[in-house]
Amino acid sequence: MAMPLRQSIKVATYLFEQKLRRREKFPLIVELEPLFACNLACEGCGKIQHPAGVLKQRMPVAQAVGAVLESGAPMVSIAGGEPLMHPQIDEIVRQLVAKKKYVFLCTNAMLMRKKLDKFTPSPYFAFAVHIDGLRERHDESVAKEGVFDEAVEAMKEAKRRGFRVTTNSTFFNTDTPQTVIEVLNYLNDELKVDEMMISPAYAYEKAPDQEHFLGVEQTRELFKKSFAGGNRGRWRLNHSPLFLDFLEGKADFPCTAWAIPNYSLFGWQRPCYLMSDGYVPTYRELIEDTDWDKYGRGKDPRCANCMAHCGYEPTAVLATMGSLKESLRAARETVGGSR
């Protein structure tokens, strides 16, 4: 299943509007980072390596909401850092939901149970909990024991209260098809989360661990084997069918990083939230003044092993909308899994 039916209809309508307006570049979802601070120090993360003064900063509510509205994107992923550390994160979410933006609050869940009372269940809002494996593997990846157990309890409590709960799992070259299958089976069948997102790890330049990122062929082999035996169709994956084809090597696409732009304390980040080639104050400047043709695999060496969703999921979505066959395929998966 790609996404809930209501959300699919809104995104499809938005894409049709962009086509009518003949807009070549537009955002599908904004990666909003209202802070860089975090309560964990994951080995594969390059987002907490800023000076102490930067880590203390918190984006004002009006600035955060204004950036999303400026872009016009129908969806927003609030990340960081750990967004639940932002003292006004509930107000940012409330205002975006009031504008009928689909909001995914990305969290390691360490503060989630303490903060649940600040939020209200809505079809426009979901917690997106980062889970990189079962207990031992996940706790090792975040360099702290007990995180997996707390995340599981937080997700259970959130679901009990009526919240949508999704997950985001990043996989490294230390993973095997079996570890991928184990964690996705657990999330899908035992925790019964609403949706799951998966991604091969991207080699952040400032990440402490530079040895365990996947190459392109490693990624394809890992997901081809993980998806075998009907797993792909059974799991509630929050991805388009063509992106899943891309992960296992059945299709290839160019990068369209402009479709998932990043806005942080520094402004709009060029070219994507995984790389930093400068910042601009407005979304229009990001789109018009960035040389998008120089990025992507085969163009920039930093992109050589990237198969991350921020660059390739939107390409897959646009390819789906441009093909009647793929549109019908995606619709069948959405309707078959809608709830």
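Quick caveat, the model's predicted, so the values are computed rather than measured.
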Q: Identify, with sequence neighbours excluded, every residue that meets salt bridge (Lys or Arg N to Asp or Glu O under 4.0 Å) alongside D132.
A: none
Q: Output yes when R270 and D291 qualify as a salt bridge under the 4.0 Å nitrogen-oxygen rule, no when they do not.
A: no
Q) What pairs with K250 under salt bridge (Lys or Arg N to Asp or Glu O under 4.0 Å), at least two apart in sequence or on another chain? A) E248
Q) Excluding sequence neighbours, so at least two apart, what forms salt bridge (Lys or Arg N to Asp or Glu O under 4.0 Å) with R113? A) E150
Q. Just checking, is any N or O donor in the side chain of T315 or T256 under 3.5 Å from an acceptor N or O on the other one?
A. yes
Q. Are any side-chain N or O atoms of N168 and backbone N or O atoms of A128, one a donor and one an acceptor, separated by less than 3.5 Å?
A. no
Q) Is a side-chain donor or acceptor of K159 paired with a backbone partner of V165 at a separation under 3.5 angstrom? A) no
Q: May I ask you to check whether over 12 heavy atoms, not counting those of E285, lie within 6.0 Å of atom CD?
A: yes
Q | With D252 via salt bridge (Lys or Arg N to Asp or Glu O under 4.0 Å) - residues at least two apart | A | R220, R297
Q: Take the angle between the ring planes of F148 and Y186 and call it parallel below 30°, perpendicular above 60°, tilted in between.
A: tilted
Q) Hey, any chance W258 and Y263 share a hydrophobic cluster, counting ILVMFWY side chains that come within less than 4.5 Å of each other, even indirectly? A) yes
Q: Taking all non-hydrogen atoms of both residues into account, name the closest pair between F223 and P200 and its distance.
A: CE1-CD, 4.2 Å
Q. Is a salt bridge present between E221 and K224, judged by a nitrogen-to-oxygen distance below 4.0 Å?
A. no
(Q) Using the ring-ring contact (aromatic ring centres under 6.0 Å, His included) criterion, which residues pair with Y124? Sequence neighbours excluded. (A) Y102
Q: Taking T170 for its side chain and S199 for its backbone only, find out whether a donor-acceptor pair lies under 3.5 Å.
A: no
**Q.** Contact list for residues 20-29, test side chain to side chain donor-acceptor pair (under 3.5 Å), sequence neighbours left out
**A.** Q18-R23
Q.
Less than 3.5 Å apart, any donor N or O on the side chain of S276 or Y273 sitting next to an acceptor on the other?
A. no
Q) Sequence neighbours excluded, which residues qualify as ring-ring contact (aromatic ring centres under 6.0 Å, His included) partners of F16? A) none
Q.
Please check: side-chain N/O of K115 versus main-chain N/O of M85, any donor-acceptor pairing under 3.5 Å?
A. no
Q | R161 atom CZ, over 12 foreign heavy atoms within 6.0 Å | A | yes
Q) Counting only heavy atoms not in E136, do more than 12 sit closer than 6.0 Å to its CD atom? A) no
Q. Would a distance-only check, ignoring hydrogens and angles, find a side-chain to backbone donor-acceptor pair under 3.5 Å from D194 to T166?
A. no
Q. Is there a side-chain contact between P27 and Y14, using heavy atoms and a 4.5 Å cut-off?
A. yes
Q.
Any salt bridge linking E157 with R160? Criterion: basic side-chain nitrogen under 4.0 Å from a carboxylate oxygen.
A. yes
Q) Are a donor atom and an acceptor atom from the side chains of T179 and E182 found within less than 3.5 Å of each other? A) no
Q. Would N39 and E82 count as having a side-chain donor-acceptor pair, cut-off 3.5 Å?
A. no
Q. Okay, side chain of D175, backbone of V180: is any donor-acceptor separation there less than 3.5 Å?
A. no
Q: Output all residues satisfying ring-ring contact (aromatic ring centres under 6.0 Å, His included) with F119, sequence neighbours left out; order by chain, then residue number.
A: F125, F127
Q. Which heavy atom of K118 sits nearest a heavy atom of D90, and at what distance?
A. O-CB, 3.5 Å
Q: Determine whether L222 and M197 fall in the same hydrophobic cluster, where Ile, Leu, Val, Met, Phe, Trp and Tyr are linked whenever their side-chain heavy atoms lie under 4.5 Å apart.
A: no
Q.
Let me check something: do V129 and V152 share a hydrophobic cluster, defined by ILVMFWY side-chain heavy atoms less than 4.5 Å apart, either directly or through other members?
A. yes
**Q.** Counterpart residues, ring-ring contact (aromatic ring centres under 6.0 Å, His included), relative to F104 (two or more places apart)
**A.** none
Q: Check whether any side-chain heavy atom of L184 lies under 4.5 Å from a side-chain heavy atom of R232, and answer yes or no.
A: no
Q. For the side chain of K10 and the backbone of Q7, is there at least one donor-acceptor N/O pair under 3.5 Å apart?
A. no
Acceptor/donor pairs from residues 65-73 side chains to any protein atom, 3.5 angstrom cut, sequence neighbours excluded:
from	atom 1	to	atom 2	distance (Å)
E70	OE1	W268	NE1	3.4
E70	OE2	Y283	N	2.6
S71	OG	V68	O	2.7
S71	OG	A73	N	3.2

Q) Between the side chains of E313 and S240, is a donor N or O closer than 3.5 angstrom to an acceptor N or O? A) yes
(Q) Are F26 and I29 linked, directly or through intermediate hydrophobic residues, by side-chain heavy-atom contacts shorter than 4.5 Å (ILVMFWY only)? (A) yes
Q. Between Q88 (side chain) and E91 (backbone), is there a donor-acceptor pair under 3.5 Å?
A. no
**Q.** Closest contact, heavy atoms only, F253 versus A316
**A.** CE1-CB, 4.0 Å
**Q.** R135 and D149 ion-paired at < 4.0 Å
**A.** yes
Q: With sequence neighbours excluded, give me every ring pair (Phe, Tyr, Trp, His ring centres under 6.0 Å) pair touching residues 305-328.
A: F246-Y312
Q: May I ask you to list the residues sharing a hydrophobic cluster with M110, side-chain cutoff 4.5 Å, ordered by chain and number?
A: L40, V142, V147
